[in-house]
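One structure below.
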Amino acid sequence: MEHLKNGHEAAFAYLMDRYHKKLCVYAKSLCRDVYIAEDIVQNIFLSVWERRQKLKEIYSIKNYLYQCVYNEFINQHRKKMTLITLEKEYIKTLDSILEEEDTSELTRLIDLVRQEIQELPPKCKEVFIMGKKEGLTYAEIAAHLNISFRTVENQMSKAFAIIRKKVGDKIDTILFLLFGNGKQVAV
């Protein structure tokens with residue numbers, strides 16, 4: 001542990017040699033997918049290396065690694081379940097819209113939203129597309145564009161206001177259809 005805390009790569013390599021295969025087997029028993037299991041274990045070792053200075057010597061490194069694998073599996077499982085819930089909501093929303101409306105009206109609204117996005121002021125458009133199409137957080141957009149978080153918020157609000165003015169109350173549904181399920185539509 002002392003060598004690991006001091007950043008000795010040999011100690012980290014020893015840790016990986018000793019536990020990698022065993023942790024992969026354990027992770028696979030949890031998720032039943034060899035590739036996800038390998039990702040989980042890789043994430044754990046990366047995390048251990050990044051947080052090596054905070055590790056306490058009283059830890060049983062073996063127990064610690066197994067607990068980390070379990071926690072990472074739980075975190076990934078929760079994210080997956082959230083995504084499945086979102087996809088179900090997307091399908092439900094799409095079904096209700098198709099039942100309620102003429103599909104030509106839906107197509108017209110989607111085209112109108114796309115057109116309005118293209119006509120946004122340049123900075124506003126860039127921020128909006130990064131947030132909606134690319135799925136970046138406001139903080140990531142601010143860092144990428146070297147602008148303040150508040151500026152990102154203002155530009156997104158401005159974009160929504162402009163689009164809502166043209167499209168009306170159905171903007172949220174249309175934006176959800178365009179961007180909400182993780183499968184991006186060309187804007």
Practice problem: To the nearest 0.5 angstrom, please state how far the NE2 atom of His20 sits from the CD atom of Glu38. | Solution: 6.5 Å
Quiz item: Are any non-hydrogen side-chain atoms of Ile40 and Leu30 less than 4.5 angstrom apart?
Solution: no
Self-check item: Spatial distance of atom CD (Glu126) from atom CD1 (Ile147) [nearest 0.5 Å]
Solution: 7.5 Å
Quiz item: With a 4.5 Å heavy-atom cut-off, do Ile61 and Arg18 have their side chains touching?
Solution: no
Quiz item: For the atom pair CE (Met130) and CG (Leu136), what is the distance rounded to the nearest 0.5 Å?
Solution: 5.0 Å
Quiz prompt | Residue pairs, two or more places apart or on separate chains, that pass side chain to side chain donor-acceptor pair (under 3.5 Å) and touch residues 141-154 | solution = Ser148-Thr151, Arg150-Glu153
Quiz item: Which residues satisfy the side chain to side chain contact (heavy atoms under 4.5 Å, CB included) test with Ala11, sequence neighbours excluded?
Solution: His3, Leu4, His8
Self-check item: side chain to side chain contact (heavy atoms under 4.5 Å, CB included) partners for Ala139, two or more places apart
Solution: Thr137, Phe149
Practice problem: Check which hydrophobic residues are tied to Leu46 through side-chain heavy-atom contacts below 4.5 Å, counting indirect links as well, and list them. | Solution: none
Quiz item: Can you name the ring pair (Phe, Tyr, Trp, His ring centres under 6.0 Å) partners of Tyr14, sequence neighbours left out?
Solution: none
Practice problem: Return the set of residues passing salt bridge (Lys or Arg N to Asp or Glu O under 4.0 Å) with Glu119 (not counting sequence neighbours), or none when no residue passes. | Solution: none
Quiz item: Of all residues at least two apart in sequence or in a different chain, which pass the side-chain hydrogen bond (donor to acceptor under 3.5 Å, both in side chains) check with Ser157?
Solution: none
Self-check item: Euclidean distance, Ile44 CD1 relative to Tyr64 OH, rounded to 0.5 Å
Solution: 8.0 Å
Listing, residues 21-29 side-chain donor-acceptor contacts under 3.5 Å, not counting sequence neighbours, or none:
residue : atom : partner : partner atom : Å
Ser29   : OG   : Tyr26   : O            : 2.5

Quiz item: Is the shortest heavy-atom distance from the side chain of Met16 to the side chain of Trp49 under 4.5 Å?
Solution: no
Quiz item: Any chance the side chains of Gln76 and Glu72 put a donor and an acceptor closer than 3.5 Å?
Solution: yes
Quiz item: Which atom pair, heavy atoms only, marks the closest approach of Cys31 to Ala37?
Solution: SG-N, 3.7 Å
Exercise. Check which hydrophobic residues are tied to Tyr35 through side-chain heavy-atom contacts below 4.5 Å, counting indirect links as well, and list them.
Key: Val34
Practice problem: Sequence neighbours left out, what passes side chain to side chain contact (heavy atoms under 4.5 Å, CB included) with Arg32? Give chain and number order. | Solution: none
Quiz item: Who pairs with Lys158 by side chain to side chain contact (heavy atoms under 4.5 Å, CB included), at least two apart in sequence or on another chain?
Solution: Pro121, Cys124, Gln155, Ile162
Practice problem: Not counting sequence neighbours, which residues clear side-chain hydrogen bond (donor to acceptor under 3.5 Å, both in side chains) with Asn71? List them please. | Solution: Gln67
Quiz item: Roughly how far apart are Ile129 CD1 and Ile141 CD1, rounded to 0.5 Å?
Solution: 11.0 Å
Quiz item: More than 12 foreign heavy atoms under 6.0 Å from CD of Gln42: is that the case here?
Solution: no
